[in-house]
Trainee: 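Dropping a structure here in structure tokens format, bear with me for questions.
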Amino acid sequence: MGNLRLLFESPVLLVQLLLDGILIGAIFALAAYGMALVWGVMGLINVAQGELVMLGGYAAFYLYRAGIHPLFAVPVAAALLFAAGWLLYRAVIFRVVDKDLFISILATFGLSILLQQLANTLFGADVRTAESGFGTLFLFGGAVTVSRIKLVAFAAALLTGAFLMQFLRRSRMGQAIRATAQNPRAARVMGIDTDRVHAWTFGLNAAICGASGALVAMTWIVHPYLGLPYTVRSFMIVIIAGLGNVAAVLAAALGLGVAENFAGFILGAEYQAAFVFALLVAILVWRRFWLARERRYLR
Amino acid sequence: MKAPPFRHMAVAAVLALALLVPVLAPAYRSQLALLWVMIVFALTWDLLGGQMGYNSFGNVLFFGVGMYACVIIQRDAGLGYFTGLFLGSGAGALLAAALAALLGSGILGLRGHYFAIGTLGLGIAAGELASGWQFVGGGGGMVPPLFPGEVGGRETFFYYLSFALAAVTLPFLRWLYASRFGLVLNAIRDDEDKAEAMGLRTTRYKTTAWCISAFFLGLTGGAVGNLLGFVDPREVAFAGSTFGVWMVLMAILGGKGTLWGPVIGAAVFHLTKELFWTYLLGWQRVALGLLIVVIVVFFPVGILGWARERWPERFGHRIDEAEAGP
Amino acid sequence: MTFILQLERVRKAFGGLIANKDVTLRVPAGKIFGLIGPNGSGKTTLFNSIVGHHPIDGGSIRFDGREISRLRVPEIARLGLLRTFQQTRIYGGMTCLQNMVISVPTSELGWRSMFSRSPPEDLRRAEDLLDFVGLGPKRHLRAGDLSFGQQKLLELAMALMSRPKMLLLDEPTAGINPTLINGLLDRLRRVNQQLAITLLVIEHNMGVIMNLAEYVYCLAHGELLAEGNPEQVQKDPKVLDAYLGAR
């Protein structure tokens, strides 16, 4: 709690934390938007979301090791993960799409454990990072430091998001995806192949998770057990922002990034993960009591 | 109706076999002690997940709380080993149940997948909190005191202790499911809105069910901490992606919402897991992850569910016998 | 005359759509009243408002002399005001008898009864009521395996099991074999007379409601359009317009 006083004594710290939080937030927004997409279109909550981020991170790391600048790794990771997502859909996901939600949650949870263990066995448990070599930016006479890669990652995240939006809006497949999200039965009646739509949706989701993972590997680190917090963050952002509202997803993600940074600073870094999970529980319970006032339930 | 004599004999045989394990197969005492623990896991999970339709990924929370409470009491209360263990486990169980009561009104008001994800967050949050808290040893965890008896006595003692836990839990739940309480849980599972529209005090039942589940898990936690000989916040006590998921999986594998399903599921799963650990060196965890996916995707009805589809009329009889008396 | 249920200017809107607009109606204790109206006129919404399924936007709902518009569903149910659902709801995985025995009035139960088995008198009453609605031979079947009409009867029996003071029935004859409707109406009258349960019945079938209810309220577009005894309402030109879609 001593850190709390520090915060009041030097307001420039506030700027630092706020800036860091916003810059992380954009990366959270990518994975969260992917979750909202899959949830909205397929009615599936993908617990393996964070593992897709983790795999994207490893893709960037190995490309970096092969001498490719990690920034170019972002589109490559997205493409690789699109393929991985497609395969996962064809192998597992399509079998649980129409089953009850609990089965799909459990199946994707199993998938998440499987991917963690695969990564652990194949890539090792070491913490990795893909060095961008961009250096650090000093603001306010050195009182606030921003590594340039975070700024680049922020821009890249927004760009990826914008790219996805355009795809959903302009392409035929994108339109089919949006139609399926609005009314799956009508979409099927109109001759849309929902199975293909689902495969594309899951692939796209994996692709943006991959991009976000590559950015994570550049800005921070990647390791096999990185996933779950990303899943939980995505879930939290989606339940705050709702499905299909991009601006709200971005706002919630930036807010979460900032909140997390402040919590990490005030409570100590060892409690930052605890904060994320506790916040999830708190938000759910708060929503539940809020709805109960209107005699409604969170379901 | 002609089943009972055979059934009694079967139960007696299993009991005798279970009691003789330390003599017959002394090398496997620890593995088999864990088997009983797994059975308790699956049974207590199914109380909510199978009977009440509330699929929790966070029941491991109560296990961890019981484990920590027990080891803290053993460390700080200055009691003898056995007094400390028993008082500690009891206190852990009560603490876990109290926690369930406290969390109940908030968390159990969540429905469906919100409950599943919320409880997942709850279990992991507890693990992260424990890893940051120096009083309970932080990320390094804690070590319970050494077992005082002679060599080999430890394994035998914990084998019987775990066996006793399972042997108490199963008949208790059997009694519970035959009472009005069990019926109300089933009603909540079938249609909670209807149950509320009929005036049932669903929150009271749900919370009580969670407390019962938490109590047995807390009790088990104390024993397992001592059985394993160490308490690690993320890998043992609040191990969401091992114990936490296994609970769910074992109940599903055996057949959700049945009394014996979780027992069968736990036995099959535990055996498979041990075989993986013996024969799939290095890849055992991957194989286990794959197994989870395969079970959930291809076999969500479970062993008893499958058997019921296969032999409906024969099974119908047994179901009637077990559940007809309200 | 004492009114068991009194609604004063009840309002309920969903977004911009006004589902109930200042509905005022009274039901005296011990009677059978009807609630009619074309599709989408807000009848089921009104039922949902009464039993506490959603909050109301204005007005007052009194049951048995007590304001209930802020209470939640189970609290209202425990006061003795129960409803059946248009899309019948029963506990599908349990047997009919089990469905019945857990429907005993909860307000009489304390903590101790939570873990006890059902006493024999409950079982006997459950079987009697199942016989009453004609489901006696089906009592050991899974409720989910019954036909829609049978589930409807089971739902009625469950409601009776909990000894309500008043029942709100949402289309009790929908989905019931037409040859059985007269028997059902007869039973509803006996419920009313012998068990002294007040009934408020939503019906589509005009013949049924004219036959059963002694006083009828008619809703259209969320508003109370007409009220009176069945003959009056039936002849009311506004009601005819509403049903025939003139306007």
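Any value given below was found using the heavy atoms of this structure, including those in side chains, with hydrogens, waters and symmetry copies removed. Quick note on labels: first sequence line is chain A, next is B, and so on, each numbered from 1. Note that the coordinates shown come from a computational prediction; the quantities given were computed from them, not determined experimentally.
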Trainee: Can you say whether B:Val245 sits under 4.5 Å from chain A via the side chain, the backbone, both, or neither, judging by heavy atoms?
Mentor: side chain

Trainee: Please say whether more than 12 non-hydrogen atoms of neighbouring residues, nucleotides or ligands are located less than 6.0 Å from CG in A:Asp98.
Mentor: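 Incorrect, the count does not exceed 12.
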
Trainee: Taking the side chain as every heavy atom from C-beta outward, state whether B:Lys256 and A:Phe102 have any pair of such atoms under 4.5 Å apart.
Mentor: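 Of all side-chain heavy-atom pairs linking A:Phe102 with B:Lys256, at least one is under 4.5 Å.
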
Trainee: Got more than 12 heavy atoms from elsewhere within 6.0 Å of CG, A:Leu122?
Mentor: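 Yes, because the 6.0 Å sphere around CG of A:Leu122 holds more than 12 heavy atoms from other groups.
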
Trainee: Return the option, out of A:Trp39, A:Phe275, A:Trp286, with the maximum number of heavy-atom pairs under 4.5 Å with chain B.
Mentor: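 Most heavy-atom pairs under 4.5 Å with chain B: A:Trp39.
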
Trainee: Checking heavy atoms, do the side chain of B:Leu120, its backbone, both or neither come under 4.5 Å from chain A?
Mentor: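 Contact with chain A is through the side chain of B:Leu120 alone.
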
Trainee: Among the options B:Val293, B:Ile117, B:Leu129, B:Leu122, pick out the one with the most heavy-atom pairs lying under 4.5 Å from chain A.
Mentor: B:Ile117

Trainee: Side chain, backbone, both or neither: which part of B:Leu291 has an atom under 4.5 Å from a heavy atom of chain A?
Mentor: neither

Trainee: So what's closer than 4.5 Å to chain A heavy atoms on B:Trp283: side chain, backbone, both or neither?
Mentor: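 Looking at B:Trp283, just its side chain touches chain A.
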
Trainee: Output the distance between atom CG (A:Leu101) and atom CZ (B:Arg111), rounded to the nearest 0.5 Å.
Mentor: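 Spacing of CG (A:Leu101) from CZ (B:Arg111) equals 14.5 Å.
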
Trainee: Checking heavy atoms, do the side chain of A:Ile93, its backbone, both or neither come under 4.5 Å from chain B?
Mentor: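 The answer is neither part of A:Ile93.
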
Trainee: With a cut-off of 6.0 Å (strictly less than), are more than 12 heavy atoms of other residues, nucleotides or ligands near CZ of A:Arg90?
Mentor: yes

Trainee: Check each atom of B:Phe115 against the heavy atoms of chain A and say whether the ones under 4.5 Å are side chain, backbone, both or neither.
Mentor: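 Neither part.
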
Trainee: Counting only non-hydrogen atoms closer than 4.5 Å, does A:Leu106 touch chain B with its backbone (N, CA, C, O), its side chain (CB onward), both, or neither?
Mentor: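 Both parts, backbone and side chain.
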
Trainee: Below 4.5 Å from any heavy atom of chain B, which atoms of A:Val232 appear? Answer side chain, backbone, both or neither.
Mentor: neither

Trainee: For A:Leu228, is it the side chain, the backbone, both or neither that has a heavy atom under 4.5 Å from a heavy atom of chain B?
Mentor: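 It is the side chain, since no backbone atom gets that close.
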
Trainee: For B:Ser131, is it the side chain, the backbone, both or neither that has a heavy atom under 4.5 Å from a heavy atom of chain A?
Mentor: neither

Trainee: Does any backbone or side-chain atom of B:Val297 lie under 4.5 Å from a heavy atom of chain A? Answer side chain, backbone, both or neither.
Mentor: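 When you check distances to chain A, atoms from both the backbone and side chain of B:Val297 fall under 4.5 Å.
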
Trainee: State the CG-CZ distance between A:Leu114 and B:Arg285, to the nearest 0.5 angstrom.
Mentor: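 Answer for the CG-CZ pair, A:Leu114 versus B:Arg285, is 13.5 Å.
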
Trainee: Just how far is it from atom OH of B:Tyr114 to atom CD1 of A:Ile45, taken to the nearest 0.5 Å?
Mentor: 7.0 Å

Trainee: So which of B:Asn55, B:Ile292, B:Leu290 has the biggest tally of heavy-atom pairs under 4.5 Å with chain A?
Mentor: B:Asn55

Trainee: Please state whether the side chain, the backbone, both or neither of A:Ile103 comes within less than 4.5 Å of a heavy atom of chain B.
Mentor: both

Trainee: Counting heavy-atom pairs closer than 4.5 Å to chain B, which one of A:Glu270, A:Lys99, A:Arg95 comes out on top?
Mentor: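 The residue among A:Glu270, A:Lys99, A:Arg95 with the greatest pair count is A:Arg95.
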
Trainee: Where the side chain of A:Arg288 meets the backbone of B:Ser105, is there a donor-acceptor pair that is under 3.5 Å apart?
Mentor: yes

Trainee: Do you know which two heavy atoms are closest between B:Gly118 and A:Val281, and how far apart they sit?
Mentor: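 That closest heavy-atom pairing would be O-CG2, 3.6 Å.
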
Trainee: Give, for atom OG1 of B:Thr242 and atom CD1 of A:Ile113, the distance between the pair rounded to the nearest 0.5 Å.
Mentor: 8.0 Å

Trainee: Considering all heavy atoms of both residues, which atom of A:Ala278 and which atom of B:Ala125 are nearest to each other, and what is their separation?
Mentor: N-CB, 3.8 Å

